[in-house]
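Report on the following structure.
For ligands, and for the atoms within them, numbers begin at 1 and follow the listed sequence.
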Amino acid sequence: MRVPIIAGNWKMHKTGREAAELARQIVERIGDRRGVEVVLCPPFTALAAVAAAIEGSDVKLGAQNVHWEHEGAFTGEISPRMLLETGCAYVIVGHSERRTHFGESDQMVNWRARAALANGLNPIICVGETLEQRRAGTTVEVVTGQVRKALEGISRDEIERVVLAYEPLWAIGSGLPATPADADEVARFIRKVVSDLYDAAAGDRIRIQYGGSVKPDNIGGFMQAENIDGALVGGASLDAESFAAIVRYEP
Ligand code: PGA
């Protein structure tokens, strides 16, 4: 049984104070919702404030990126240890905005994911195709290739702590989500890669989120899809009402 996981990616939104307020509102509105793991991923500067705001609730804290070294001359980067100290359990790695705007390669995504795992953080590894790739019919090849490279060197034990997020680039922030059927098909191929790389149990157990214009009115469809176990939510996670409605989805 895979426990669904719904994460809010706040991207470069909210100061510490604003983030704490939003986190408090979310905790209040989620209320007694059980059976769904909820993760909030504010910017680095708001992690401590959000950690304090969610204390005593079941909501978990996640960061949006992590470096692969413990420390050193890496201006602007944040190490796994630094994230752990703020109370992070999760960290997003390889988001398409990092890949597109900051030149992150599959190799870097792999290093980041491995460093997260080695230090006790659970990575949410993002993969997804561009519109051109989808039109060219190379979606499965592109996405499964990204998954294989991201998982290189990750052990059988560690794979249990990995979450994969399938986020087609054309669906992110566009208001045009993939259909649950299309997302499910790609998720099925992703699951197969994990089965091939590890074993059937690993493929069966890995949690795969869908991301890209997830809203309260479409979450139910994604959650019904056999191979999708949650969502990575951008825009709609910045509003307590809509994020709580997503968390409280009815399939
Ligand atoms: P969106 O973003 O929900 O605003 O489309 C999703 C993401 O980038 O993770």
**Study point:** 4.5 Å side-chain heavy-atom contact, Val39 and Cys41
**Key:** yes
Review point. If only atom types and distance count, is the side chain of Arg2 paired as donor or acceptor with the main-chain N or O of Asp229 below 3.5 Å?
Key: no
Review point. In ligand 1, which numbered atoms sit nearer than 4.0 Å to a non-hydrogen atom of His95?
Key: 7 (C), 8 (O), 9 (O)
Review point. Does the side-chain hydrogen bond (donor to acceptor under 3.5 Å, both in side chains) test come out yes or no for Trp10 and Gln64, once each step is laid out?
Key: CA-CA 9 Å; Trp10 294 357; Gln64 298 175 16; over 6 Å; no
Study note, to complete from the structure: Exactly one candidate in Leu232, Val143, Val194, Ile124 meets side chain to side chain contact (heavy atoms under 4.5 Å, CB included) with Leu164; the answer is Val194
Practice item. Mark yes or no: Arg248 above the aromatic ring of Phe243, with NZ or CZ under 6.0 Å from the six-membered ring centre and no more than 45 degrees from the axis. Key: no
Check your understanding: What about Gly173: any of its N or O atoms under 3.5 Å from an N or O on ligand 1?
Key -> yes
Point to revise | atom 3 (O) of ligand 1 - nearest protein heavy atom and its distance | key: Gly234 N, 2.8 Å
Check your understanding: Short list, please: which atoms of ligand 1 are under 4.0 Å from a heavy atom of Gly212?
Key -> 5 (O)
Study note, to complete from the structure: Counting heavy atoms under 4.0 Å, the part of Asn9 that contacts ligand 1 is side chain
Review point. Roughly how far, to the nearest 0.5 Å, is CG of Asn110 from CH2 of Trp68?
Key: 10.5 Å
Review point. Does ligand 1 have a heavy atom under 4.0 Å from the side chain of Ser174, from its backbone, from both, or from neither?
Key: neither
Check your understanding: What protein heavy atom sits nearest atom 4 (O) of ligand 1, and how far off is it?
Key -> Gly235 N, 2.8 Å
**Study point:** Ser213: numbered ligand 1 atoms lying under 4.0 Å from its heavy atoms
**Key:** 1 (P), 3 (O), 5 (O)
Review point. Closest non-hydrogen protein atom to atom 7 (C) of ligand 1, residue and atom name please, with distance?
Key: Glu167 OE2, 3.2 Å
Check your understanding: Near Ala171, which atoms of ligand 1 are under 4.0 Å from a heavy atom of that residue?
Key -> 5 (O)
